[in-house]
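The first residue in the sequence is number 1, and the count goes up from there. None of the values given here were measured: they were computed from a predicted structure.
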Amino acid sequence: MFLIRDKKIESPIIVAPMAGITNDAFRQLCFEFGAGLVYTEMVSDKAIFYDNKKTMEMLKISDENHPVSLQLFGSEIPTMVYAAKVLDQRTNCDFIDINMGCPVNKVIKTGSGSAMMKNEDQTVEIVKAVVEAVSKPVTVKMRLGWDINHMNYLSLSKKLENVGVSAIALHARTRSQMYEGHSDWEHIRILKEGLHIPVFGNGDVKTLDDFIEMREKTKCDGVMIGRGLVGNPFLISQIDRYLKGEECEPFKTADRFEYCLEHAQKLIRLKGEKMAISEMRGLAPHYLSGLYDSTTYKGKMNQIKTYEDLKVILDEYEAFLDSIGRLN
């Protein structure tokens with residue numbers, strides 16, 4: 001357990017913001033498995049300013065899904081402050097997070113995401129204005145810097161702490177690395193030693209052993225897991241059992257199928273069957289990753305149009321694996 005300002009976080013298992021994935025349906029799964037804090041998909045300050053219908057729908061958080069951090073991206077004080085006030089006053093999020101880590105071009109070209117790390121003074125002014133405008137704790141998610149020659153995460157983080165930021169998550173890659181290569185956890189340790197606020201380590205945590213190693217090496221307050229949970233939210237349960245001193249049995253193949261269907265059911269309740277199944281065409285194949293002869297069934301999933309289509313494919317695959325003695 002640790003505190004983000006005055007709010008208790010009961011578990012160090014932190015779920016990273018992931019576009020198209022960490023919606024309310026997925027967040028519910030994560031909390032059921034034992035997550036301590038879950039981030040939303042990032043939302044645009046300008047989209048909130050202009051009252052974009054799709055974006056405003058993304059701000060909704062189920063009462064049972066807490067604590068949740070709503071992540072905001074933008075690069076101009078007026079719209080960032082406006083959007084932050086909306087999150088503060090009109091949503092039931094627990095924290096407001098500012099994205100300084102997204103490396104994709106469509107975000108960078110607006111001066112947002114990782115581009116915010118290029119001008120420390122301007123970025124500090126933006127964050128300071130947001131902190132002063134809202135009552136909820138403000139946090140930041142960042143990278144090491146723009147590239148290997150400009151790794152300013154420590155100096156920027158100290159300035160952000162001084163203007164009232166309540167926690168910082170560090171993805172231990174530079175922007176130029178995108179999602180390639182390896183994250184350097186040594187920098188997470190350095191950041192933890194350099195700040196008085198909670199630090200979350202992020203990057204390349206895909207197994208229980210990765211989680212244990214990051215905590216031991218960096219002493220970070222929370223371990224933020226992103227892509228390692230796609231099609232594998234039960235990793236949270238394995239970590240949760242480890243933290244409680246319980247036996248960490250691997251999830252069985254049948255469990256994967258069960259939670260794939262549960263994920264689909266939650267999405268359907270959130271978005272309706274047509275849109276939910278459209279999204280599951282991209283998500284469901286991840287639940288089969290690493291299984292014997294999964295390529296054929298992943299291909300079939302690209303064609304699903306209904307929940308029943310998905311269930312038929314999973315039942316067929318389960319029967320096939322059972323028939324050849326591969327159903328563990």
Side-chain angles (χ1 to χ4, degrees), residues 4 16-23 37-61 68-146 150 152-153 155-157 159-171 173-175 178 200 202 224 226:
I4 298 179
M18 291 180 281
I21 297 173
T22 50
N23 49 49
L37 170 63
V38 183
Y39 284 58
T40 67
E41 305 170 81
M42 66 178 184
V43 293
S44 162
D45 65 335
K46 296 253 185 337
I48 294 173
F49 183 79
Y50 290 110
D51 201 28
N52 177 271
K53 183 178 179 181
K54 181 179 178 181
T55 298
M56 300 310 286
E57 284 293 316
M58 292 169 66
L59 304 184
K60 294 180 180 178
I61 299 168
V68 166
S69 182
L70 250 166
Q71 192 182 64
L72 185 66
F73 75 93
S75 59
E76 298 174 6
I77 288 178
T79 48
M80 282 292 281
V81 166
Y82 177 89
K85 285 182 176 180
V86 170
L87 302 191
D88 188 46
Q89 300 167 15
R90 292 165 50 188
T91 79
N92 62 339
C93 72
D94 301 279
F95 308 104
I96 298 168
D97 187 73
I98 298 176
N99 183 305
M100 296 183 194
C102 182
V104 301
N105 287 329
K106 69 178 182 179
V107 173
I108 294 299
K109 69 181 182 182
T110 68
S112 309
S114 296
M116 291 185 75
M117 301 196 69
K118 297 175 75 172
N119 188 329
E120 287 193 16
D121 292 340
Q122 177 179 306
T123 293
V124 171
E125 286 303 308
I126 294 171
V127 176
K128 181 174 184 288
V130 170
V131 170
E132 292 176 349
V134 301
S135 61
K136 292 176 180 175
V138 175
T139 64
V140 165
K141 185 173 188 289
M142 64 168 61
R143 288 193 171 222
L144 297 178
W146 185 253
H150 301 89
N152 60 330
Y153 68 94
S155 62
L156 179 55
S157 293
K159 292 176 183 178
L160 295 176
E161 181 179 34
N162 288 338
V163 298
V165 164
S166 296
I168 291 180
L170 180 63
H171 182 161
R173 285 183 172 86
T174 63
R175 187 271 169 177
M178 299 294 284
F200 306 151
N202 179 222
M224 180 177 276

task: Can you tell me which residue pairs pass the salt bridge (charged side-chain N to carboxylate O under 4.0 Å, His left out) test with a partner in residues 70-83, sequence neighbours excluded?
output: K46-E76

I98 side, atom CD1; M80 side, atom CE - distance, nearest 0.5 Å: 4.5 Å

ring-ring contact (aromatic ring centres under 6.0 Å, His included) partners for F95, two or more places apart: none

- request: Drop me the distance from W146's CH2 to K118's NZ, to the nearest 0.5 angstrom.
  value: 4.5 Å

task: Please name all residues satisfying side chain to side chain contact (heavy atoms under 4.5 Å, CB included) with T110, sequence neighbours left out, ordered by chain then number.
output: S112

statement: Sorted by chain and residue number, the side chain to side chain contact (heavy atoms under 4.5 Å, CB included) partners of D51 (sequence neighbours excluded) come out as M56

message: Does any part of the side chain of D97, heavy atoms only, come nearer than 4.5 Å to the side chain of P17, both counted from C-beta?
response: no

- prompt: Is R143 reaching over with its side chain to a backbone N or O of M178, donor-acceptor style, under 3.5 angstrom?
  reply: yes

statement: dist N99:CG -> D45:CG (nearest 0.5 Å) comes out at 11.0 Å

statement: Scanning both residues in full, the closest heavy-atom pair of Y82 with I48 reads CE2-O, 3.9 Å

message: Test your reading of the model: is there a side-chain donor-acceptor pair from S114 to the backbone of G101, 3.5 Å cut-off?
response: yes

task: Only pairs at least two apart or in different chains count here, so list each side-chain hydrogen bond (donor to acceptor under 3.5 Å, both in side chains) that has a residue in residues 128-137.
output: D88-S135, K128-E132

- prompt: Heavy atoms, side chains only, cut-off 4.5 Å: are V134 and V81 in contact?
  reply: no

- request: State the CD1-NZ distance between I96 and K85, to the nearest 0.5 angstrom.
  value: 11.5 Å

task: Considering non-hydrogen atoms only, spot the tightest contact between L72 and A83 and give its length.
output: CD1-CB, 3.7 Å

message: Would you compute the distance between atom OH of Y39 and atom CG of N202 and round it to the nearest 0.5 angstrom?
response: 9.5 Å

task: For I126 and S75, work out which heavy atoms get closest and say how close.
output: CD1-O, 3.2 Å

field: salt bridge (Lys or Arg N to Asp or Glu O under 4.0 Å) against E125, all qualifying residues, sequence neighbours excluded
entry: none

statement: Smallest heavy-atom separation, S69 atom then L37 atom, equals N-CD1, 4.0 Å

query: How long is the span from the CG atom in L170 to the NZ atom in K141, to the nearest 0.5 Å?
result: 8.5 Å

message: Please evaluate residues E41 and M58 with respect to the criterion side chain to side chain contact (heavy atoms under 4.5 Å, CB included), reporting the C-alpha separation (whole Å), side-chain torsions for both, the decisive distance (0.1 Å), and the verdict.
response: CA-CA 8 Å; E41 305 170 81; M58 292 169 66; 3.8 Å; yes

Main-chain N/O of Q71 paired to T40 side chain as donor or acceptor, under 3.5 Å: yes

